[in-house]
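The next block holds one structure in the form of structure tokens; read it before the comments.
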Protein chains: 2
Amino acid sequence: MPKRADLSDTFCPVGRSAELLGDRAVLLILRDLFFGRRRFEAIAVNTGLGPQLVSARLKLLESEGVVERHAYQERPQRHEYRLTDKGKDLFGVLYAMRGWAERWAYEDGETGGGPAMRYIHRACGTDVGTALVCPGCGAALGYGDLKGEPSPALKAEQAARSG
Amino acid sequence: MPKRADLSDTFCPVGRSAELLGDRAVLLILRDLFFGRRRFEAIAVNTGLGPQLVSARLKLLESEGVVERHAYQERPQRHEYRLTDKGKDLFGVLYAMRGWAERWAYEDGETGGGPAMRYIHRACGTDVGTALVCPGCGAALGYGDLKGEPSPALKAEQAARSG
DNA sequence: CACAGTAACTATGATAATCATAGTGACAAG
DNA sequence: CTTGTCACTATGATTATCATAGTTACTGTG
């Protein structure tokens, strides 16, 4: 790709995330990290990405503070990659991607009846399903149920672009 | 880019979503559509993407059933793009991206105190904040609070790759 | 001690996507 | 009949990605 416009200075939070997450390789690597794969080779094999891409993206994720490179043995030097708190907090995004795909990306019967990935809340035992719920009343949330209010800075930025 | 490996036949739901969502331009266009921008020019200007890219991605989104092209006047022919139900259901993903960015992507004070984007649940008036909550008990969910169980098909697929 | 094996990469060249810029077609307004 | 708007398409330079092969630094086997 050519030099793309930088999104890290936009006031839009989706834009800021998109800078990092709007990349197939990043998403697949994060998925594997959440799945417990920490080694370079394991990630490269499971994602099907070439080692050069995996290397580049892990460096990017490290520079963004999303993963940490950690030596798990000295001789020979071997490293593994671990999600930082900032990285672990991306779970919500992958979780939402999973939810959407479960609802829309499979043919009937393709998964053998159930979801491709089931999640149980350890604390209460609930199968969390795929819905997004309101922290106030517990109802399912969709686009249209929420009223969005951009901050003054974000509003100004958008107005500047269209003017 | 070269011909990338196709992810649409993996059993992993994150992989299936990543095929579409692992793209900066797609994410930015979706953001604008959720924001109410429906016109080609408005999207191109606000995202900063070139018309060629916007055109290509809108065609892709249309072919995936995420947006619909709709004529809003006849003479001259003018079109707008609307999210389908499948498209509107992607809201959860952008919502999660926003949540993460609000928590991690801004310097202190950069937003002037509040979040860059505030969401209120119309039905109950709650400011939903940025957390992901359990539909069973209402507690905040993070990575580690959930126990994931892949379906047999997904497990088999991953085993095949590493074997 | 030679040789295969493993982990974590780096190097190379072909291919393809992206960007910036300019241009097109259809019409409306002045 | 020139300018303006909207929704694009065309062109060429730049750069990212892929597939494949190679490198470094060891360990374990015979």
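The chains referred to below are lettered A, B, ... by the order of the sequence lines, with proteins before strands, and numbering in each begins at 1. Since the model is a prediction, treat every value here as computed from it, not as a measurement.
In this structure, the CD atom of B:Glu19 is 14 Å from the C1' atom of D:dT17, given to the nearest Å. If you measure from atom OH of A:Tyr72 to atom C1' of D:dC26, you get 12 Å, rounded to the nearest angstrom. Here D:dC8 presents its P atom at 14 Å from CG of B:Leu53, a figure rounded to the nearest Å. The distance between atom CZ of B:Arg37 and atom C1' of D:dC6, rounded to the nearest whole Å, is 17 Å. Atom CD of B:Glu80 and atom P of D:dC6 are 13 Å apart (whole Å). Going from atom CG of A:Leu58 over to atom P of C:dT10 covers 11 Å, rounded to whole Å. For the pair B:Ile43 CD1 and D:dT5 C1', the interatomic distance rounds to 17 Å; values are reported in whole Å. Residue A:Tyr81 contributes atom OH, which lies 14 Å from atom P of C:dA7 at whole-angstrom precision.
The shortest distance between the side-chain N/O atoms of A:Arg57 and the OP1/OP2 oxygens of D:dT17 is below 4.0 Å. Not one side-chain nitrogen or oxygen of A:Ser55 sits closer than 4.0 Å to the OP1 or OP2 atom of C:dA8.
Aromatic ring centres of B:Tyr95 and B:Phe34 lie farther apart than the 6.0 Å criterion allows.
Within residues 63-71 of chain A, the residues having any heavy atom under 4.0 Å from DNA chain C are, by residue number, A:Arg69.
Remark on DNA chain C: of its neighbouring residues A:Gln77 and A:Gln52, the 5'-side contact belongs to A:Gln77, judged by nearest-heavy-atom nucleotide.
Proximity note for B:His79 (side chain, C-beta onward) versus C:dA7, C:dC9, D:dA7: the nearest is D:dA7. With distances taken from any side-chain atom of A:Pro51 to the nucleotides C:dT10, D:dC6, C:dA22, the minimum falls on C:dT10.
In the model, A:Arg39 has a side-chain atom that pairs as donor or acceptor with a side-chain atom of A:Tyr72 under 3.5 Å.
Counting only distance, with no hydrogens or angles, the side chain of B:Thr84 and the backbone of B:Gly65 share a donor-acceptor pair below 3.5 Å.
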